[in-house]
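To start, the structure itself, in structure tokens.
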Amino acid sequence: GMGITPYCALHHVTLPRWIADGGGWTSAETVERFAAYARRVVAAIGSDCAAWIPLLDPMYAIMRGYGVGDWPPERTGLGIARGRAVTHVIAAHFAAWRAIKEADSAHRVGVSIRATRSEPVDPDSAWDLRAAWRWDAFAAWLLPDAVLGVRPRIGLHAEGAPAADFIGLAWGGRHRVRFGALRPASLCAVATPLADLREAGTGLDAAIADAATYGAPIVATGIDLTAPDDATRCVLLLDRLREVRHAMRTGADVRAVFVRSLLDGFAWRDGYEARSGLFHVARDTLARTPNDSAYPVSYTHLRAHETV
């Protein structure tokens, strides 16, 4: 009745303790448990939600959790655990897809990617160039290649129906990447975001254009608005909306845009210090007050021909 179309993500980063203690994504049992969880959630709220993302940013979470080691379960090593986790996350997407479609074939199911734009620390180093390419490719291409049966970068189109109706694209910004021989679990890539927030955020339009080559509609699921103050947050928001509009003008089928996030919350690495909410949350009283950045979102209805 309010003109709001909800999209439900079933999982983002962390697992229940009892699943994690049983091996998490390195265990094949997690795949069936995730499918059972998907069936139960769809049965409970499927009448109120018709668009689903089984796993939000899963490959990036695997890279941070099983490669870099600064997200749960905080593992590194030679990459064996990371490889098992990748296999089971892909299987979990297919299992959740089947569960959701069996509940209602009209439900739409998306595959989630996290796009970044990385440049080598040393542009003359083949090692840094390759590390930057791997860092971008792992979180953005691995899952949709498997789920959609398409590898547009080399013109490969597999037979069979795709297991996604749209692509959920989270924007991870720009990084500088160097080769790290002692970091095999993170693909021998050491990434650092650009220091300037406006510069680090540019490139969403190019990321959308890349995702559009898969031939599926796009939902921008994560425009990160983490900033030291709300004035900067407003600038970042308008920058990203202009880039989305530019992508639409050049032919990208963008169906929806989500910003991150509605409320200030807790971040795994930064605790409560990193603020990204459109609404300010007072820590002592939990009172919620709209920031200035909330208002552009409330009245923006993005069309390709409009000026942001």
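Numbers here simply count residues along the sequence, with the first being 1.
- For the side chain to side chain donor-acceptor pair (under 3.5 Å) test with D264, the passing option among R275, R283, R288 is R275; the others fail.
- Atom OG in S125 sits 13.0 Å away from atom CZ in R130 (nearest 0.5 Å).
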Intermediate values then yes/no, side-chain contact (heavy atoms from CB on, under 4.5 Å), S261 and L278: CA-CA 6 Å; S261 58; L278 299 176; over 6 Å; no
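- Taking 4.5 Å as the limit, some side-chain heavy atom of K101 sits within range of a side-chain heavy atom of D165.
- Side-chain rings of W71 and Y60 approach one another, their centers coming within less than 6.0 Å.
- D229 contributes a side-chain N or O that, together with a main-chain N or O of A231, makes up a donor-acceptor pair within less than 3.5 Å.
- Between M63 and M59 the shortest side-chain heavy-atom distance does not fall below 4.5 Å.
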Working for side-chain contact (heavy atoms from CB on, under 4.5 Å), residues L286 and V281: CA-CA 5 Å; L286 299 182; V281 179; 4.2 Å; yes
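- Closest approach of H11 and T14 over heavy atoms only: NE2-O, 3.0 Å.
- Between R260 and D224 there is no salt bridge, since none of the side-chain N atoms of the basic residue sits less than 4.0 Å from a carboxylate O of the acidic one.
- Summarising the geometry of G180 relative to V190, their closest heavy-atom pair is CA-CG2, 4.1 Å, with the distance given to 0.1 Å.
- When all heavy atoms are compared, the tightest approach of A163 to W97 is O-CE3, 3.1 Å.
- Linking ILVMFWY residues whenever their side-chain heavy atoms come closer than 4.5 Å, directly or via other members, leaves V31 and L15 in distinct clusters.
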Under the criterion side chain to side chain donor-acceptor pair (under 3.5 Å), I'd like the reasoning laid out for R174 against T202: C-alpha separation, chi angles, the key distance, then a yes or no. CA-CA 7 Å; R174 295 173 59 196; T202 59; 3.2 Å; yes
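- Looking only at side-chain heavy atoms (C-beta outward), Y7 and R108 come within less than 4.5 Å of each other.
- Across all their heavy atoms, R255 and P217 have their closest contact at NH2-CG, 3.5 Å.
- At a threshold of 4.5 Å between side-chain heavy atoms, the hydrophobic network of Ile, Leu, Val, Met, Phe, Trp and Tyr places M248 and W171 in one connected group.
- For H246 and D205, the side-chain atoms include at least one donor-acceptor pair closer than 3.5 Å.
- Between V254 and V219 the shortest side-chain heavy-atom distance does not fall below 4.5 Å.
- Side-chain heavy atoms closer than 4.5 Å link hydrophobic residues (I, L, V, M, F, W, Y) into clusters, and following such links, possibly through other members, connects W25 to F94.
- Heavy-atom neighbours of E74 CD from other residues, nucleotides or ligands within 6.0 Å: above the threshold of 12.
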Under the side-chain contact (heavy atoms from CB on, under 4.5 Å) rule, what do L148 and I167 come out as? Steps first, then yes or no, please. CA-CA 10 Å; L148 295 171; I167 294 175; 4.0 Å; yes
Before you tell me yes or no, could you show the steps for R75 and T26 under side-chain contact (heavy atoms from CB on, under 4.5 Å), namely the whole-Å CA-CA distance, both residues' side-chain angles and the distance that decides it to 0.1 Å? CA-CA 11 Å; R75 297 178 63 176; T26 63; 3.9 Å; yes
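- With hydrogens and angles ignored, the 3.5 Å screen pairs a side-chain donor or acceptor of D128 with a backbone N or O of F179.
- Looking at T285, its side chain does come within 3.5 Å of a backbone N or O of A287 through a donor-acceptor pair.
- To the nearest 0.5 angstrom, L241 atom CG is 5.5 Å from I223 atom CD1.
- Remark: N291 CG to L263 CG distance equals 10.5 Å, nearest 0.5 Å.
- Grouping the Ile, Leu, Val, Met, Phe, Trp and Tyr side chains by contacts below 4.5 angstrom, directly or via other members, places V42 with L10.
- Nearest heavy-atom pair, P296 versus L237, reported as atom, atom and distance to 0.1 Å: CB-CD2, 4.0 Å.
- Considering CD1 of I62 and CG of D57, their distance stands at 11.5 Å, rounded to 0.5 Å.
- Counting heavy atoms from C-beta outward, F138 and L187 have side chains that approach closer than 4.5 Å.
- Tested against I218 for a side chain to side chain contact (heavy atoms under 4.5 Å, CB included), the candidates D253, L169, I113 yield a single pass: L169.
- Aromatic ring centroids of Y214 and F166 lie 6.0 Å or more apart.
- Side-chain atoms of V147 and P162, non-hydrogen and from C-beta on, never get closer than 4.5 Å to each other.
- The pair E102-R98 does not count as a salt bridge, with every side-chain nitrogen at least 4.0 angstrom from each carboxylate oxygen.
- Residues V177 and V121 form no side-chain contact, since every pair of their non-hydrogen atoms from C-beta on lies 4.5 Å or further apart.
- For the pair R117 and E243, the salt-bridge criterion is not met [side-chain N within less than 4.0 Å of a carboxylate O].
- In this structure, R114 and L143 have side chains that are not in contact, with every pair of non-hydrogen atoms separated by 4.5 Å or more.
- At least one cation-pi condition fails for R82 and Y66: the charged atom is not both under 6.0 angstrom from the six-membered ring centre and inside a 45 degree cone around its axis.
- Using a 4.0 Å cut-off between charged nitrogen and carboxylate oxygen, D122 and R178 do not count as a salt-bridge pair.
- Note: D292 CG to C234 SG = 5.5 Å, rounded to the nearest 0.5 Å.
- Scanning both residues, P120 and R176, for their nearest heavy atoms gives O-NH2, 4.3 Å.
- A donor-acceptor pair is defined here as one N or O able to donate and one able to accept, closer than 3.5 Å; such a pair exists between the side chain of T30 and the backbone of G24.
- Annotation: the span from R233 atom CZ to S276 atom OG amounts to 6.5 Å, rounded to 0.5 Å.
- Although no hydrogens or angles enter the test, the distance criterion places no donor-acceptor pair under 3.5 Å between the side chain of T76 and the main chain of G69.
- Within 6.0 Å of atom CZ in R17, 12 or fewer heavy atoms from other residues, nucleotides or ligands are found, so the atom counts as exposed in its surroundings.
- In the hydrophobic clustering of ILVMFWY residues, with side-chain heavy atoms under 4.5 Å counting as a link, W133 and V68 come out together.
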